[in-house]
Amino acid sequence: TTVPRELQLRKFDANSDAISVLLGFPNLGIERAKTIMMKYTTLRTALSAILSTPDDLSRLPGIGDGIVRAINSSLDSVGPERKDKPVDIFDEGA
């Protein structure tokens, strides 16, 4: 599938904070992250769509049910046992 022309006209910098956050999710590369941000425009609305309207998200070019499931699964994998454990972002084993 290709990105619709109206979405292609919006420009995003690869270093954008919102795109950087989305790149932390499984199976989201720069192009998929850009596609999400072209649709939802703010990180808040993108994350809201991931959580509350995954069917809409899965209809975007390059995003499918499997990717949406992987994103939601990664969100669900942070449980109480992980919240109390400090994470050193500089530790390669983290």
Side-chain angles (χ1 to χ4, degrees):
T1 53
T2 60
V3 177
R5 176 120 176 97
E6 64 273 8
L7 294 182
Q8 291 176 7
L9 297 176
R10 295 209 35 213
K11 301 292 181 196
F12 287 94
D13 185 299
N15 294 320
S16 154
D17 289 343
I19 290 178
S20 296
V21 169
L22 292 176
L23 290 174
F25 288 110
N27 303 322
L28 281 186
I30 189 74
E31 293 305 317
R32 287 178 176 147
K34 284 180 182 180
T35 298
I36 291 171
M37 290 311 301
M38 285 187 240
K39 167 71 175 171
Y40 295 104
T41 68
T42 69
L43 183 58
R44 181 181 302 276
T45 56
L47 293 175
S48 178
I50 289 168
L51 294 169
S52 61
T53 56
D55 291 339
D56 290 343
L57 183 68
S58 68
R59 290 187 195 106
L60 292 177
I63 313 288
D65 291 335
I67 291 173
V68 173
R69 279 193 303 273
I71 292 169
N72 279 311
S73 177
S74 72
L75 289 170
D76 290 339
S77 69
V78 178
E81 67 282 357
R82 296 286 300 158
K83 291 178 185 173
D84 295 335
K85 180 182 177 189
V87 176
D88 180 357
I89 62 170
F90 300 104
D91 178 13
E92 292 182 19

*Kindly compute the distance separating CG (Leu23) from CD1 (Ile30), expressed to the nearest 0.5 Å.*
5.0 Å

*What closest approach, in Å, do Thr35 and Pro61 show between heavy atoms, and which atom pair accounts for it?*
CG2-O, 3.6 Å

*asked:* Just verifying a value: how many Å separate Asn72 CG and Leu57 CG, rounded to the nearest 0.5 Å?
replied: 8.5 Å

*asked:* With rounding to the nearest 0.5 angstrom, report the CE to CD distance, Met38 to Glu31.
replied: 7.0 Å

*asked:* Could you go through Ile63 and Val68, starting from their C-alpha distance and side-chain angles, then the distance that decides it, and tell me whether this counts as side-chain contact (heavy atoms from CB on, under 4.5 Å)?
replied: CA-CA 7 Å; Ile63 313 288; Val68 173; 3.9 Å; yes

*Show your working on side-chain contact (heavy atoms from CB on, under 4.5 Å) between Phe25 and Ile36 and close with a plain yes or no.*
CA-CA 12 Å; Phe25 288 110; Ile36 291 171; over 6 Å; no

*Please round to the nearest 0.5 Å and tell me the distance separating atom OG of Ser74 and atom CD1 of Ile50.*
8.5 Å

*For Ala70 against Asn27, the heavy-atom pair lying closest together*: CB-ND2, 3.6 Å

*Straight-line distance of Ser48 OG to Asp56 CG, nearest 0.5 Å*: 10.5 Å

*Check whether the side chains of Thr42 and Thr45 place a donor and an acceptor atom closer than 3.5 Å, and report yes or no.*
yes

*asked:* What's the separation between atom CG in Leu43 and atom CE in Met37, rounded to the nearest 0.5 Å?
replied: 6.0 Å

